[in-house]
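Keep in mind that the numbers below use all heavy atoms, side chains included, and drop hydrogens, waters and symmetry copies.
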Amino acid sequence: MNTIIAYFSTIPSSHRSLILVAGITIFWLIENAFPLFNFTYKKWHHASINIFLTFTTIVVNFCLAFILLKAADWTIATHFGILQWLPQMPLWLYALVGLLLLDLIGAYLVHLVEHKTKFLWRFHLIHHTDTWIDTTTANRHHPGESVIRFVFTTLGVLIVGSPMWMIFLYQTLSVVATQFNHANISLPKKVDTILSYFIVSPDMHKVHHHHVLPYTDSNYGNIFSVWDRLFGTFMTLPKEEIIYGIDTHTKPEEHNQLKNLLKIPFQKPRSTKNK
């Protein structure tokens, strides 16, 4: 555990970038070999849109990273936050509790709020317009949503009182987990079900991308599935019944053109059965 802490305390940006690229590459190869759905689409065109939006997310997080650093340093210096108030515990348990709480506030909560708040939904909508969910969809976020999520991540750091090594560890696990659960891969049903009791599995998250309620408003988790089960937002749906996308943006020129995707939050909201 001490080795892990030492590594993530000083993890170079190049290593974090390598993990992101390696994850996309590995899951890209796996989903080509064992696809959940056999899509007929221009894979490279689709990937180029999602990778561009991934790049904007990286830029936003890089530009604002100093805020996270200051927040983490402040919580440690002032002994503020849940982790700072807990009694002494084994290091592995300390890390697990911290990761769970960061996942609750920085992922589950912000995701829930984005679905329940009309203004924030305009930005998150871009993620749901994708009609070909694969590993590149993982970070298909409008730059505005990247800022929103950063705010919640910072809030999570302050409430949890997490050191910087824990933040880097969480972000690394988060990247890999979201690439995994978005990947267009088919796992044996029993394996996926067992995984879903601990982490967000591919089949579990695909339900969230079904185009109609109540499924769209379910399975908000990122790494850990416990929060959906605990707060009653966990749902299942046979994968053969899943239809990706959102009913307000069904035309290819709406959901498969970068220029329009960037404009969606500022366009007039459309009436929908979904929101």
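Considering every non-hydrogen atom in both Asn181 and Lys206, the closest pair reads O-NZ, 3.1 Å. Of all non-hydrogen atoms in Ile133 and Phe39, the two that sit nearest each other are O-CE1, 3.5 Å. Closest of all the heavy-atom pairs between Ala177 and Ile223 is CB-CG1, 3.9 Å. For the pair Ser162 and Leu102, the tightest heavy-atom approach, listed with the atom from each and the gap, is OG-CD2, 3.8 Å. For the residue pair Asp103 and Phe224, the shortest heavy atom distance occurs at OD2-N, 3.1 Å. Summarising the geometry of His182 relative to Ala138, their closest heavy-atom pair is ND1-CA, 3.7 Å, with the distance given to 0.1 Å.
Between Tyr244 and His209, the ring planes lie perpendicular to each other; the angle is over 60°, past the 30° to 60° tilted range. Using cut-offs of 30° and 60° on the angle between ring planes, the pair Phe80 and Trp85 is perpendicular. Ring planes of Phe123 and Phe119: perpendicular class, angle over 60° (limits at 30 and 60°).
Residues Tyr220 and Trp227 keep their aromatic ring centres 6.0 Å or farther apart.
By the 4.5 Å heavy-atom criterion applied to side chains, Phe168 and Met164 are counted as neighbours. No side-chain heavy atom of His141 sits under 4.5 Å from any side-chain heavy atom of Leu53. You'll find the side chain of Asp217 reaches within 4.5 Å of the side chain of Lys116, heavy atoms only. The closest side-chain heavy-atom distance from Leu213 to Thr216 is below 4.5 Å. Side-chain contact between Leu64 and Thr154 is absent, with no heavy-atom pair separated by less than 4.5 Å.
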Pair Asp228-Met204, side chain to side chain contact (heavy atoms under 4.5 Å, CB included): steps then yes or no = CA-CA 10 Å; Asp228 281 298; Met204 176 182 170; 3.5 Å; yes
Would you sort out whether His205 and Asn222 count as a side chain to side chain contact (heavy atoms under 4.5 Å, CB included), showing the intermediate values?
-> CA-CA 9 Å; His205 189 71; Asn222 183 33; over 6 Å; no
Test side chain to side chain contact (heavy atoms under 4.5 Å, CB included) on Thr129 and Thr248 and set out the steps.
-> CA-CA 9 Å; Thr129 58; Thr248 54; over 6 Å; no
Evaluate side chain to side chain contact (heavy atoms under 4.5 Å, CB included) for His249 paired with Leu261, printing each intermediate quantity in order.
-> CA-CA 10 Å; His249 297 76; Leu261 290 173; over 6 Å; no
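When Asn38, Asn32, Thr135, Leu36 are each tested for a side chain to side chain contact (heavy atoms under 4.5 Å, CB included) with Asn184, only one passes: Leu36. Among His128, His127, His111, the one residue that satisfies the ring pair (Phe, Tyr, Trp, His ring centres under 6.0 Å) test with Trp121 is His128.
Between the side chains of Tyr108 and Thr233, at least one donor N or O lies within less than 3.5 Å of an accepting N or O. When only modelled atom types and interatomic distance are considered, Asp203 and Ser201 share no side-chain donor-acceptor pair under 3.5 Å. If you check the side chains of Asn139 and Thr57, you find no donor sitting under 3.5 Å from an acceptor.
Heavy-atom contacts from other residues, nucleotides or ligands closer than 6.0 Å to OH of Tyr197 number 12 or fewer.
Rounded to the nearest 0.5 angstrom, Arg140 CZ and Asn50 CG are separated by 5.0 Å.
For the pair Lys43 and Trp132, the cation does not sit on the ring face, since its NZ or CZ is not both under 6.0 Å from the ring centre and inside 45° of the axis.
For residues 1-20, the side chain to side chain donor-acceptor pair (under 3.5 Å) pairs, not counting sequence neighbours, are Tyr7-His15, Arg16-Gln171.
Under a hydrophobic-cluster definition in which Ile, Leu, Val, Met, Phe, Trp and Tyr are linked whenever side-chain heavy atoms come within less than 4.5 Å, directly or via other members, Ile51 and Leu262 are assigned to different clusters.
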